[in-house]
Amino acid sequence: MDQLISLCKRRGFIFPGSEIYGGLANAWDFGPLGVALKNNIKRSWWQRFVEERDDMYGLDAALLMNRRVWQASGHESTFSDPLVECKNCHTRIREDQLPEDKKCPSCGKKEFTTPRQFNLMLKTFLGPAEEDANIVYFRPETAQAIFVDFKQIIDTYAPKLPFGIAQIGKAFRNEITPGNFIFRTREFEQMEIEYFIKNTDVWNDSFEMWLKEMNNWMTSIGIDMQKVHNLDVPKEELAHYSKRTVDVEFDFPFGKKELFGIAYRGDFDLQSHQTASGESLEYFDEETKERILPHVIEPSIGVERMLLAILASAYREDPLETTSSEAGEQEKRIWLDLPMRMAPYKAAVFPLLSNKPELISKAQEIRARLQGAWPGFFPIAFDKSGNIGKRYRRQDEIGTPYCFTVDFQTLEDNTVTVRDRNTMQQERISVSEVRKFLEGKMRE
Ligand code: GAP
């Protein structure tokens, strides 16, 4: 984990937030490469589950919602964790996260205050007066907006069941014990789907379909599936409205922990909002000519957790032969085995020497042509600092799959070397073939 965090900071993926002011506990900022990786994850999810499906509707709802939403959903009264405080050192911790020996993780003493329920929603006030009537909450999940906007979608698009509504956006929780880098934070992003089915449908078929869909997607974005485990939440721990919830867990460097969840929530949410708002959220079933409240399957993913799982799946350290031309001063090679679609840069272009203008301008020309071929979707790095070995090292560490080098032979026969991140093998190809080469690799 320490190596991963160090790499993230060194290469500008993720660094501590507000650092020049001493930081803010468990707030993390995503630098240029971090935001590129995050965007690649979100784009891949959106493309696969919204754009490529005929049964999905996208949504981007306001983050602040009427307080009554959270009263109806039950969050205001029950979205809380049991908080205890160590009587000796005053460390606050979730009672259900105390170690098995029930000792305080900070001082080792065993005396705690009686647990009290601590609501996880972050509260603020709209407008200048800090009074009860102006209370609003930063949403603790994106899902509720989907239920609240359900009527808009059915009235506007008249979708046929089953269909889904999908949303990506920020969520906030005043976690008692955030930690493990970006695993548990107070501000994070979710990618959530509410997939509505008929109340008479065999819900477990849809549930299994979503488990499979998520597995296929995780495979495509480079998650090490050997490290993924499905935990069927035991019946006695299920929410009263849920018939099945699966916590999809991942072997993170700090242990096996929840990566995301899939839950069958019945019609609990639509029913709650219908009752509280007084608006009918019923769906007219053309086949049976009945008004029904659909049931729902909910795959809910944290973007940062998925990003951490991708980095943990991709992180590699290889010993380097000291005789290797790439060894330089380092004895090990650190690299990220990212799939091309996740890599922040799809390729890099270098001039062999940094003091030869003719090599530099040729490399810049190749890079500009490649980048222009797929605007916005195919960032190509350019680097001329340090020697070529160091440049390969830098690109390896950020997971760039291919590096093209312009040398003196390029000026004679219009060929470049292409070096493969995984094998470190090099071959020569014609400059006119570079684009086709990358397109082919992208499709693999
Ligand atoms: N709408 C259902 C829901 O929000 P959840 O299990 O509370 O369910 C879903 O959250 C996912 O959101 C989690 O599996 C995790 O990936 C992510 N998540 C939840 N709390 C988080 C936190 N404090 N920091 C980072 N990610 C979090």
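Counting starts at 1 for both ligands and their atoms, in listed order. If you read the sequence from its start, that first residue is 1, and numbering goes on from there.
- Taking the six-membered ring for Trp, Phe163 and Phe196 have ring centres closer than 6.0 Å.
- Of the protein's non-hydrogen atoms, Glu258 OE2, 3.4 Å is the one closest to atom 6 (O) of ligand 1.
- In terms of protein heavy-atom proximity, atom 25 (C) of ligand 1 is closest to Phe183 O, 3.2 Å.
- Of all atoms in ligand 1, listed by their number and element, those nearer than 4.0 Å to a heavy atom of Ala143 are 1 (N).
- The shortest contact between atom 15 (C) of ligand 1 and any protein heavy atom is with Arg305 NH1, 3.5 Å.
- Ion pairing between Arg419 and Asp396 holds under the 4.0 Å rule for side-chain N and carboxylate O.
- The pair Lys160-Glu286 does not count as a salt bridge, with every side-chain nitrogen at least 4.0 angstrom from each carboxylate oxygen.
- Those atoms of ligand 1 that come under 4.0 Å of a heavy atom in Glu298, given as number and element, are 1 (N), 2 (C).
- Nearest protein heavy-atom contact of atom 9 (C) of ligand 1 is Ser300 OG, 3.0 Å.
- Salt bridge Glu95/Lys102: absent, no basic N to carboxylate O contact under 4.0 Å.
- Shortest contact from atom 24 (N) of ligand 1 to any protein heavy atom: Thr185 N, 3.1 Å.
- No more than 12 heavy-atom neighbours from other residues, nucleotides or ligands sit within 6.0 angstrom of CG on Asp54.
- Distances from ligand 1 to the non-hydrogen atoms of Glu304 include no value under 4.0 Å.
- Any N or O atom pair closer than 3.5 Å counts here, and Arg184 shares no such pair with ligand 1.
- Close approach to Glu192 involves these atoms of ligand 1, each under 4.0 Å from a residue heavy atom: 1 (N), 2 (C), 3 (C), 4 (O).
- Residue, atom and distance of the protein heavy atom nearest to atom 7 (O) of ligand 1 are Arg173 NH1, 2.8 Å.
- What sits closest to atom 17 (C) of ligand 1 on the protein, heavy atoms only, is Gly302 CA, 3.6 Å.
- Side-chain atoms of Cys86 and Ile93, non-hydrogen and from C-beta on, never get closer than 4.5 Å to each other.
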task = Apply the test ring-ring contact (aromatic ring centres under 6.0 Å, His included) to residues Phe254 and Phe183: give CA-CA distance (whole Å), side-chain angles for both, the deciding distance (0.1 Å), then the verdict.
result = CA-CA 10 Å; Phe254 43 86; Phe183 177 78; 5.4 Å; yes

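- Note: an N/O pair closer than 3.5 Å links Leu259 and ligand 1 by distance alone.
- A salt bridge links Asp318 and Arg333; the closest N-O separation between the charged side-chain nitrogens and carboxylate oxygens is under 4.0 Å.
- Of the candidates Phe79, Phe260, Phe188, Phe188 brings a heavy atom nearest to atom 21 (C) of ligand 1.
- Shortest contact from atom 12 (O) of ligand 1 to any protein heavy atom: Gln190 NE2, 3.3 Å.
- Contact between Val303 and ligand 1 is absent, with no heavy atom of the residue lying under 4.0 Å from the ligand.
- In summary, Lys441 and Glu444 engage in a salt bridge, as defined by a charged side-chain N under 4.0 Å from a carboxylate O.
- Side-chain polar atoms of Gln71 and Glu76 form a donor-acceptor pair below 3.5 angstrom.
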